[in-house]
Novice: 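The structure is given below, and queries will be raised subsequently.
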Amino acid sequence: MPHRSFPSQESISSVGSSTLDLSSTAPPYSLLTMFARSSILSMLSSAVTVGSICIEDCDDTFCFGNKKTGGPVARIKVLSGKFWTRVFTSGDLGFSEAYMIGEVDVENLKPIMDLWLDNQSTISSLSSLYSRLLAAFSGLRNAFFGQTRSRARLNVIASYDQSNELFKAFLSTEMMYSCALWGDEEGGVRGDLINGPSAHDLEAAQMRKIHHVLRTARVKPGDRLLEFGTGWGALAIEAAASYGCEVDTLTLSIEQKTLAEERIRERGLASRVRVHLMDYRDIPREWKHAFDAFVSVEMLEHVGSKYYKKYFELVDFALKPTTATVVVTSSTFPEGRYTGYQADDFMRRYMWPNSCLPSATVLIDAAYAASNGRFTLEGVENHAPHYPRTLRTWDRRLKANLDQEAMAARYPALRDRTTFRAFLRKWEYLFAYAGAGFAKGYITCHMLTFVRASDVTVACD
């Protein structure tokens, strides 16, 4: 996945030339496109130090790197000259767009993603001035405007207020849209690669995750549990059905609320689980010190750095002064890669608009500051090794189960074969993009547990 543009060039043409000679024949593209291509090829010769890539264009094939380095071996075929200008101006975001709309053909996305991450430091340093300026502008915009109430709702519409049929096609039966926890029963985090996927493996791994979160939250019969980010109600339902909790859960998605409430009624839990179409910043005053525990599974990515402190202030407000537990999970950046100024990339443009990945330390500091020391850190877990298999499983299920006609009933434009293929490619790209990030340590996935400062969670005398 080329990052924000590329640089220098080593080409291998059909006649074995080592440089691109444009003087003998008419250029295949406009001058602007040729400039973009030349710049990208020039950059690649300096940037690819691990692995190799071959780019087949209409008039030549260009190869960079060295297969002997043992890194990923990638190959792509350019189908439109727009690919070059798109990548030159928008880097990795441009590459994702070119892939979605069919301007480039990729044999296998994984080596592309791995190549980008393995060479990320050199690719980033050599990106074009134009793409760096665009990145800086979008990062400042995301940081300063943040997730206002109106923007939060619009972003949910783009991210989750899509047909529930889409998510049913690839999620597990209970519809958890977050990292599963894979156990020995499923062969661990690489079990699908070694033994192949098995029936209901994702269901088992997601249920393990739900119970792990609820046990860590120390909930018991009669407890009141507050959840930010309902999803489709899986955790709230399990908390009520298996742990005897009374649950209030918040969502901004009408689609999710509708299906979650349907599932809650089917389980006979309507009197114990309440789904609120509500921004977390609007929780009512009567919830002050009303809850025994708080959970939030991969919702913090949508809060924004500007609002972390506010988020934990409200958690502190809602939880009882003693014997209360907080469990939050979030995709995160390692501390050395975190910044509050996060530029648009594929995920922030096409999957979760205006999202911002925190770091574990940023969240810990925010929780402590927001509560004036009333929260203390109890535990830190990194679930990142479990995410690539989760994403591979979603990818397999989506390809096997997504029905074009069912989707077109909600979105008529998807009846067009080309449009539907672009839609499917967006999700394929997401699963490969995120999977490589977690596998390479570019992003992580933390579960943080906080308790009240005076609480003793384990008897020791």
Novice: Using a strict threshold of under 4.0 Å (side-chain N to carboxylate O), is an ion pair present between Arg421 and Glu428?
Specialist: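 Salt bridge: yes.
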Novice: Would you give me the side-chain donor-acceptor pairs under 3.5 Å for residues 74-85, sequence neighbours excluded?
Specialist:
unit_1 : atom_1 : unit_2 : atom_2 : d
Ser80  : OG     : Lys82  : N      : 3.2
Trp84  : NE1    : Asp57  : OD2    : 3.0
Thr85  : OG1    : Lys82  : O      : 3.1

Novice: I want to check something: taking the side chain as every heavy atom from C-beta on, are Lys209 and His386 in contact at a cut-off of under 4.5 Å?
Specialist: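 Counting from C-beta outward, Lys209 and His386 never come under 4.5 Å.
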Novice: Specify the closest pair of heavy atoms between Leu414 and Gln404, including all atoms of both residues, with the distance to one decimal.
Specialist: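 What the structure gives for the nearest pair is O-NE2, 2.9 Å.
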Novice: Please check if any side-chain donor atom of Thr230 sits under 3.5 Å from a side-chain acceptor atom of Gln256, or the reverse.
Specialist: no
Novice: Are the side chains of Leu250 and Ile283 in contact, using a 4.5 Å heavy-atom criterion?
Specialist: yes
Novice: Between Asp105 and Arg425, does at least one N-O distance fall below 4.0 Å, as a salt bridge requires?
Specialist: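 Yes, this pair counts.
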Novice: Would you say Glu335 and Thr361 are linked by a side-chain donor-acceptor pair, where the criterion is simply a distance under 3.5 Å?
Specialist: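 Yes - a donor-acceptor pair under 3.5 Å links their side chains.
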Novice: Can you tell me how the ring of Tyr433 sits relative to the ring of Trp116, calling it parallel under 30°, perpendicular over 60° and tilted otherwise?
Specialist: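 Tyr433 vs Trp116 ring planes: parallel.
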Novice: Measure centre to centre between the rings of Tyr307 and Tyr311, then say whether the value is under 6.0 Å.
Specialist: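 No, the ring of Tyr307 stays outside the 6.0 Å limit from the ring of Tyr311, centre to centre.
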Novice: For residues Leu377 and Tyr368, determine if any side-chain heavy atom of one lies less than 4.5 Å from a side-chain heavy atom of the other.
Specialist: no
Novice: Counting N and O atoms only, with roles assigned by atom type, does the side chain of Ser296 sit under 3.5 Å from a partner on the main chain of Phe228, one being a donor and the other an acceptor?
Specialist: yes
Novice: Of the non-hydrogen atoms in Arg415 and Ala408, which two are nearest, and what is the gap between them?
Specialist: CG-CB, 3.2 Å
Novice: For the residue pair Phe423 and Tyr411, is the inter-centroid distance of their aromatic rings smaller than 6.0 Å?
Specialist: no
Novice: Considering only NZ, NE, NH1 and NH2 on the basic side and carboxylate oxygens on the acidic side, decide whether Glu165 and Lys168 come within less than 4.0 Å.
Specialist: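 Salt bridge flag = yes for Lys168 with Glu165.
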Novice: Phe35 vs Phe88 aromatic rings, parallel, tilted or perpendicular, using cut-offs 30° and 60°?
Specialist: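 Aromatic pair Phe35/Phe88 classed perpendicular.
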Novice: Between Ser355 and Glu301 (side chain of the first, backbone of the second, donor and acceptor by atom type, cut-off under 3.5 Å), is there such a pair?
Specialist: no
Novice: Any chance the side chains of Asp192 and Trp182 put a donor and an acceptor closer than 3.5 Å?
Specialist: no
Novice: Evaluate the pair Cys445, Cys179 and indicate whether the two SG atoms are within a distance below 2.5 Å.
Specialist: no
Novice: More than 12 heavy atoms of other residues, nucleotides or ligands under 6.0 Å from CZ of Arg267: is that the case?
Specialist: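 No, the 6.0 Å shell around CZ holds no more than 12 heavy atoms from other groups.
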Novice: Measure across Leu202 and Leu171 and return the closest heavy-atom pair with its distance rounded to 0.1 Å.
Specialist: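 Taking every non-hydrogen atom into account, CD2-C, 4.1 Å.
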Novice: Are Arg392 and Asp395 close enough for a salt bridge, meaning some N to O gap below 4.0 Å?
Specialist: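 No, this pair does not count.
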Novice: Take Phe95 and Phe346 through the test ring-ring contact (aromatic ring centres under 6.0 Å, His included) and record every step on the way to the result.
Specialist: CA-CA 9 Å; Phe95 185 88; Phe346 166 75; over 10 Å; no
Novice: Do Leu424 and Leu398 have side chains that get closer than 4.5 Å, going by heavy atoms?
Specialist: yes
Novice: State, yes or no, whether a side-chain contact exists between Ile443 and Phe333 at a heavy-atom distance under 4.5 Å.
Specialist: yes
Novice: Decide, yes or no, whether a salt bridge links Glu186 with Arg389 under the criterion of side-chain N to carboxylate O below 4.0 Å.
Specialist: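 Between Arg389 and Glu186 there is no salt bridge, as every charged N stays at least 4.0 Å from the carboxylate O atoms.
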Novice: Heavy atoms, side chains only, cut-off 4.5 Å: are Val73 and Pro111 in contact?
Specialist: no
Novice: Taking the side chain as every heavy atom from C-beta outward, state whether Tyr350 and Glu97 have any atom pair closer than 4.5 Å.
Specialist: yes
Novice: For the side chain of Thr444 and the backbone of Thr332, is there at least one donor-acceptor N/O pair under 3.5 Å apart?
Specialist: yes
Novice: Does the side chain of Asn401 come within less than 4.5 Å of Phe170's, by heavy atoms?
Specialist: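 Result no, sub-4.5 Å side-chain heavy-atom pair not found.
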Novice: Measure the acute angle between the ring planes of Trp427 and Phe167, then classify it against the limits of 30° and 60° as parallel, tilted or perpendicular.
Specialist: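 Ring orientation of Trp427 relative to Phe167: perpendicular.
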